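Take a look at the structure set out below.
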Amino acid sequence: MKKLISILLAAVLTLGALVACTASASDPAAAKGFTIAVPNDTTNEARALKLLEANGLIKLKEGSGETATKLDIAENPYNITIEEIEAAQLPSMLKDVDYAVINSNYAAGAGLNPGKDALIREGAESPYANILAVKAGNENEPKLLALKAALESRQVADYFLAHGSELGAVGTVTNPTDGYDASIDYDALNGVTVTVAATPTPHALVLNEVVKDILAAKGITLEVVEFTDYVQPNNVVDSGEIDANYFQHQPYLDDFNAQNGTNVVSIASVHVEPLGMYAGKQSSLDALKK
């Protein structure tokens, strides 16, 4: 009996090995597997997964919305492993993964050119426009309206036109102004300082290279405080420590407020940063799609 059991066990193991070899031969992607790193914050992970879905790499469950995670993947024909990483760390993770889906500001900050280096990319029609946000109740504060007007200026629009490819950003202001709001008493703002929390690229660049001069012409000092994370910029605005922030899109802000009990609101839509997937261990999408 023991001999018969041993023979049957050997047959089962052999059959399993043959099935595995056959599957690997017929589906190289399943045999290899690929790792794609994505942002781990709720809205940007969903956004990254939708980008992969739009390019035929995965399929999400029907009805998956702006809070979709890797658990909502319904079909995974290329045996992709999704690795969730803090957004700011994704560029440094490229050497350890096959591909990474990176926010344009972090890609540009790491020396990547979003307009040229991204293997796949959201279109300019992306609904995830970056906003100027303030603490609820401060929306009509004159110095913040002056900041809003400066960001909605022709000078800022032209900056995005000139540097959009390298920054991975496209301006969204449809009717740019001269940078000033006629309803504001700028004489009363002479000598005032407005503080803004921003991530380095392109937000702090736009503020320091364009907006600062527009406000300075009216005697307003712009102080830009740079952050490299997506948490503190909202916390310091909600606490009143800093007047405004410029780093995020509306879906992220909505989720942040809901999760943290903060009360930060948008007062302007400035630009969009199409999310892109960049090569890590692989040099192109060819390896993934073979």
Side-chain angles (χ1 to χ4, degrees), residues 41 43 87-88 103 105 109 128-153 155-157 159-160 167 169 171-173 176-186 188-273:
D41 60 276
T43 53
N103 297 77
N105 60 317
Y128 296 92
N130 280 218
I131 57 176
L132 175 66
V134 302
K135 185 174 183 177
N138 295 342
E139 297 95 323
N140 295 313
E141 190 173 333
K143 68 178 180 179
L144 296 177
L145 292 178
L147 174 62
K148 175 179 182 289
L151 274 167
E152 293 177 335
S153 67
Q155 298 94 308
V156 169
Y159 185 86
F160 283 121
L167 297 177
T172 58
V173 177
T177 69
D178 63 357
Y180 303 107
D181 184 335
S183 70
I184 296 174
D185 180 0
Y186 280 94
L189 293 178
N190 194 346
V192 166
T193 295
V194 58
T195 55
V196 185
T199 45
T201 307
H203 311 87
L205 283 176
V206 173
L207 292 167
N208 284 317
E209 296 186 10
V210 185
V211 174
K212 184 171 286 189
D213 289 341
I214 295 172
L215 295 176
K218 297 293 185 180
I220 303 169
T221 298
L222 175 64
E223 182 181 332
V224 180
V225 183
E226 293 190 20
F227 291 85
T228 57
D229 69 278
Y230 281 0
V231 176
Q232 290 308 310
N234 279 326
N235 287 339
V236 294
V237 169
D238 185 67
S239 69
E241 180 182 343
I242 291 181
D243 295 316
N245 66 46
Y246 174 38
F247 78 101
Q248 65 192 323
H249 50 64
Q250 188 68 55
Y252 177 83
L253 175 58
D254 291 341
D255 183 69
F256 189 95
N257 282 332
Q259 296 296 323
N260 296 279
T262 46
N263 200 5
V264 180
V265 298
S266 169
I267 61 170
S269 171
V270 184
H271 75 273
V272 65
E273 299 171 16

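What you are looking at is a predicted structure, and each value in this text was computed from that prediction instead of being measured.
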Open item on the list: My understanding is that only residues two or more places apart in sequence, or in another chain, count here; which of them pass side-chain hydrogen bond (donor to acceptor under 3.5 Å, both in side chains) with Asp181?
Closed with: Ser183
Open item on the list: If I compare all heavy atoms of Pro142 with all of Ile184, which pair ends up nearest, and what's the gap?
Closed with: O-CD1, 3.7 Å
- [ ] State, with a plain yes or no, whether a side-chain heavy atom of Ser269 is found less than 4.5 Å away from one of Gln250.
- [x] no
Open item on the list: Side chains of Asn130 and Glu273, heavy atoms from C-beta outward: is any pair under 4.5 Å?
Closed with: yes
Open item on the list: As a quick check of understanding, evaluate side chain to side chain contact (heavy atoms under 4.5 Å, CB included) for Tyr246 and Val270, giving each step before the final call.
Closed with: CA-CA 9 Å; Tyr246 174 38; Val270 184; 3.2 Å; yes
TODO: List for me each residue that meets side-chain contact (heavy atoms from CB on, under 4.5 Å) alongside Asn257, sequence neighbours excluded, and say none if there are none.
DONE: Leu253, Thr262, Val264
TODO: Could you list the residues that satisfy side-chain hydrogen bond (donor to acceptor under 3.5 Å, both in side chains) with Asn235, not counting sequence neighbours?
DONE: none
Task: Partners meeting side-chain hydrogen bond (donor to acceptor under 3.5 Å, both in side chains) with Glu241 (sequence neighbours left out) - done: none
TODO: Looking only at non-hydrogen atoms, find the nearest pair between Val237 and Ala133 and report the distance.
DONE: CG1-O, 4.4 Å
Listed pairs under 3.5 Å, donor-acceptor, residues 214-225 side chains, sequence neighbours left out:
none

Task: Residue that, paired with Lys143, satisfies side chain to side chain contact (heavy atoms under 4.5 Å, CB included) out of Leu189, Thr193, Thr195 - done: Leu189
Open item on the list: Any heavy-atom pair between the side chains of Asn105 and Phe247 that's under 4.5 Å?
Closed with: no
TODO: Test side chain to side chain contact (heavy atoms under 4.5 Å, CB included) on Phe256 and Thr43 and set out the steps.
DONE: CA-CA 10 Å; Phe256 189 95; Thr43 53; over 6 Å; no
Open item on the list: Treating Asn208 as the side-chain partner and Ala204 as the backbone partner, does any N or O pair qualify as donor plus acceptor under 3.5 Å?
Closed with: yes
TODO: Mind listing the closest non-hydrogen atom pair of Ala198 and His203 along with its distance?
DONE: CB-CB, 3.9 Å
- [ ] Flag the pair Pro176 / Val156 as yes when at least one side-chain heavy-atom distance between them is below 4.5 Å, and no otherwise.
- [x] no
Task: Leu205 side chain near Tyr159 side chain, heavy-atom distance below 4.5 Å - done: yes
Task: Contacts of type salt bridge (charged side-chain N to carboxylate O under 4.0 Å, His left out), residue Lys148, not counting sequence neighbours - done: Glu152
Task: Stepwise side chain to side chain donor-acceptor pair (under 3.5 Å) test for Asn263 and Asp238 - done: CA-CA 6 Å; Asn263 200 5; Asp238 185 67; over 6 Å; no
Open item on the list: Show the nearest heavy-atom pair for residues Ala149 and Thr177, with the distance to one decimal.
Closed with: O-OG1, 3.8 Å
TODO: Compare all side-chain heavy atoms of Glu226 with those of Thr199 and state whether any distance is below 4.5 angstrom.
DONE: no
TODO: Determine the minimum heavy-atom distance between Glu139 and Ile267, stating which atoms define it.
DONE: CG-CG2, 3.9 Å
- [ ] Please examine the side chains of Leu151 and Leu207, heavy atoms only from C-beta on, and report whether any two atoms are closer than 4.5 Å.
- [x] yes
Open item on the list: Show, in sequence, the C-alpha distance, side-chain angles and deciding distance for Val236 and Phe227, and conclude whether the side chain to side chain contact (heavy atoms under 4.5 Å, CB included) test is met.
Closed with: CA-CA 11 Å; Val236 294; Phe227 291 85; 4.2 Å; yes
Task: Verdict with supporting geometry, Val173 and Phe160, side chain to side chain contact (heavy atoms under 4.5 Å, CB included) - done: CA-CA 11 Å; Val173 177; Phe160 283 121; over 6 Å; no
Task: Heavy-atom closest pair, residues Pro202 and Leu167 - done: CB-CD1, 3.9 Å
TODO: Determine yes or no for a side-chain-to-main-chain donor-acceptor pair under 3.5 angstrom, with Tyr252 supplying the side chain and Tyr230 the backbone.
DONE: yes
- [ ] Evaluate the side-chain proximity of Asn138 to Asp243: yes if any heavy-atom separation is below 4.5 Å, no if none is.
- [x] no
TODO: Let me see the working for Gln248 and Asn234 under side chain to side chain donor-acceptor pair (under 3.5 Å), right down to the final yes or no.
DONE: CA-CA 9 Å; Gln248 65 192 323; Asn234 279 326; 2.8 Å; yes
